[in-house]
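Worksheet: the structure to be examined is printed underneath.
Naming: A, B, ... by sequence-line order, numbering from 1 per chain.
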2 protein chains.
Amino acid sequence: MDPQERRRQILDRSAEIFAEKSIAATTIRQIADAVGVYSGALYHYFPSKDAIVTELIREYIEDLTARCRDLVARSLPPIERMEALATIALETSAEYHGATAIWRREHHYMRKLLIAADMADTADEMEEAWRVAIAEGVADGSLRDDVDPHTLQEMLYDVLWHASRWYTAGPEHTHADLAATIVTVFVDGMRNRAR
Amino acid sequence: MDPQERRRQILDRSAEIFAEKSIAATTIRQIADAVGVYSGALYHYFPSKDAIVTELIREYIEDLTARCRDLVARSLPPIERMEALATIALETSAEYHGATAIWRREHHYMRKLLIAADMADTADEMEEAWRVAIAEGVADGSLRDDVDPHTLQEMLYDVLWHASRWYTAGPEHTHADLAATIVTVFVDGMRNRAR
DNA sequence: GTCTATACCCAGATAGAC
DNA sequence: GTCTATCTGGGTATAGAC
């Protein structure tokens, strides 16, 4: 089999299994079985189990950060920018389902691996994009100033990064739809003003 | 040492370590070290590692469910009831920090243990209390009916059950304060209506 | 009730034949 | 590049002395 293809296979199967169990509970042999080779063969592609994990998160973080950079460059008004950031979060969560799961669930462990791989700064860029968007929203008066911006940011994070647990996008429910719903709940609120 | 006290110690230290790493990544020997005994001694109190985990979650779920039952019995109006449910969630998250962490982070694994311990029904009661509160809010017109109630519920869950990651209560920031903030964001929204 | 010692297993990783 | 076989360490759990 083509080396690049096999490497891809190893990463994809690993991501699926890591997402189900924890990293520690997943064995090299289980990954090898899922790929259809013997465990020793994996070591021709990656030097260790951690290296597989690091590579998975590297791909994910780099793509996510790149999309956020492109968006920030468009300089949308704060609330529109927040909705676009939310869409990016949901889309990458779906595309990198396994990586997202381990990145959020085993954050401490992953952070260590990312620091070792010199990627901590890249990983923090998206956080900064959110912080700035919210701060600008408060500054220009479109957002209330009586709720701590950091609290709002953390609330949005928790909703966005765990949405894949209960939401599956389809033809009539896109990630952009859910992003719009989330932002309307956070911005407009659930109170019924119609009556 | 008093047996009950030692048992308590084992549970408390286990919860702390499980919260840091995953359950699979925590060893019996690490728990024994933290307690200050040899690993063999733990087996005088619990038959297995899983038994420790199950007991931790049992205490947590039973207390949480009891509090929700008491609240539901008070029959508050929907939005007030949601705020009270939020306070309960935040308070128990803080009091059972380790149990909350593993319950949310290793939900699949925990669910298996709870089914084996015949506690799955108890674990689902709080979910039902939330569902009913939201449904009544929509029915009596206090909440918008153009956002899927289930989506709202999942969003609230993600915020509430992960709040302990970034929030620490103190004299001037209580859990009731954060519950009020979370509910006002979800109900009133972040849009600035003052200007 | 706790310690010492250890059985037993399975993990990650390696070496060499093919 | 993959398989077979295996090393080595560390995991859960147990047994018996104290």
Run the salt bridge (Lys or Arg N to Asp or Glu O under 4.0 Å) test on B/E106 and B/R111 for me, step by step, so that the C-alpha distance in whole Å, both residues' side-chain angles and the decisive distance to 0.1 Å come before the verdict.
CA-CA 9 Å; B/E106 309 192 49; B/R111 186 127 198 119; over 6 Å; no
For A/D33 and D/dT2, give me the distance from atom CG to atom P, rounded to whole Å.
15 Å
Using five pairs at either end of the helix from C/dG1-D/dC18 to C/dC18-D/dG1, determine the angle between the two local helix axes and round it to 10 degrees.
0°
Between C/dG12 (P) and A/H44 (NE2): distance, integer Å
17 Å
Testing B/T87, B/L160, B/L90 for side-chain contact (heavy atoms from CB on, under 4.5 Å) with B/L178, which one passes?
B/L90
Would you check if the side chain of A/D33 reaches a backbone N or O of A/Q30 as a donor-acceptor pair within less than 3.5 Å?
no
Report yes or no: does B/S39 contribute a side-chain atom to a donor-acceptor pair with the main-chain N or O of B/I28 at less than 3.5 Å?
no
Selected nucleotide, minimal atom distance to B/Y43 side chain, candidates D/dT14, D/dG1, C/dG12:
D/dT14
Counting any heavy atom closer than 4.0 Å, what does A/Y45 reach on the DNA or RNA strands: base, sugar-phosphate only, or nothing?
sugar-phosphate
Sidechain N-carboxylate O distance under 4.0 Å for B/R67, B/E95
yes
When the distance from CZ of B/F46 to C1' of D/dT12 is rounded to whole Å, what number comes out?
16 Å
Near DNA chain C, under 4.0 Å by heavy atom, which residues of residues 106-115 of chain B?
none
The correct set of residues in residues 5-28 of chain B placing a heavy atom under 4.0 Å from DNA chain D is B/T26, B/T27, B/I28
Whole angstroms only, please: what is the CG-P distance between A/D2 and D/dG1?
10 Å
Using the 3.5 Å cut-off, write out each protein N or O paired with an N or O of nucleotides 4-7 of chain C and the distance between them.
| residue | atom | partner | partner atom | Å |
| --- | --- | --- | --- | --- |
| C/dT4 | OP2 | B/Y38 | OH | 3.2 |

I need the full list of salt bridge (charged side-chain N to carboxylate O under 4.0 Å, His left out) pairs touching residues 34-53 of chain A, with sequence neighbours left out, sorted by first then second residue.
none
Using modelled atom types and a 3.5 Å cut-off, is there a donor and acceptor pairing between side-chain atoms of B/R58 and backbone atoms of B/A117?
no
Excluding sequence neighbours, so at least two apart, what forms side-chain contact (heavy atoms from CB on, under 4.5 Å) with B/A34?
B/R13, B/I17
On the 0 to 90° scale, with breaks at 30° and 60°, tag the B/W161-B/Y157 ring pair as parallel, tilted or perpendicular.
perpendicular
Note, B/K21 side chain near A/Y109 side chain (heavy atom, < 4.5 Å)
no
With respect to A/T65, which candidate in A/T122, A/D124, A/D121, A/D70 satisfies the side-chain contact (heavy atoms from CB on, under 4.5 Å) definition?
A/T122
May I ask you to decide if the ring planes of A/Y60 and A/Y96 are parallel, tilted or perpendicular, using 30° and 60° as cut-offs?
tilted
A/R81 and A/A133: which non-hydrogen atoms are nearest, and at how many Å?
NH1-CA, 3.7 Å
Spacing of A/L42 atom CG relative to C/dT14 atom P, expressed in whole Å:
13 Å
Roughly, in whole Å, what's the span from NZ in A/K49 to C1' in C/dC10?
12 Å
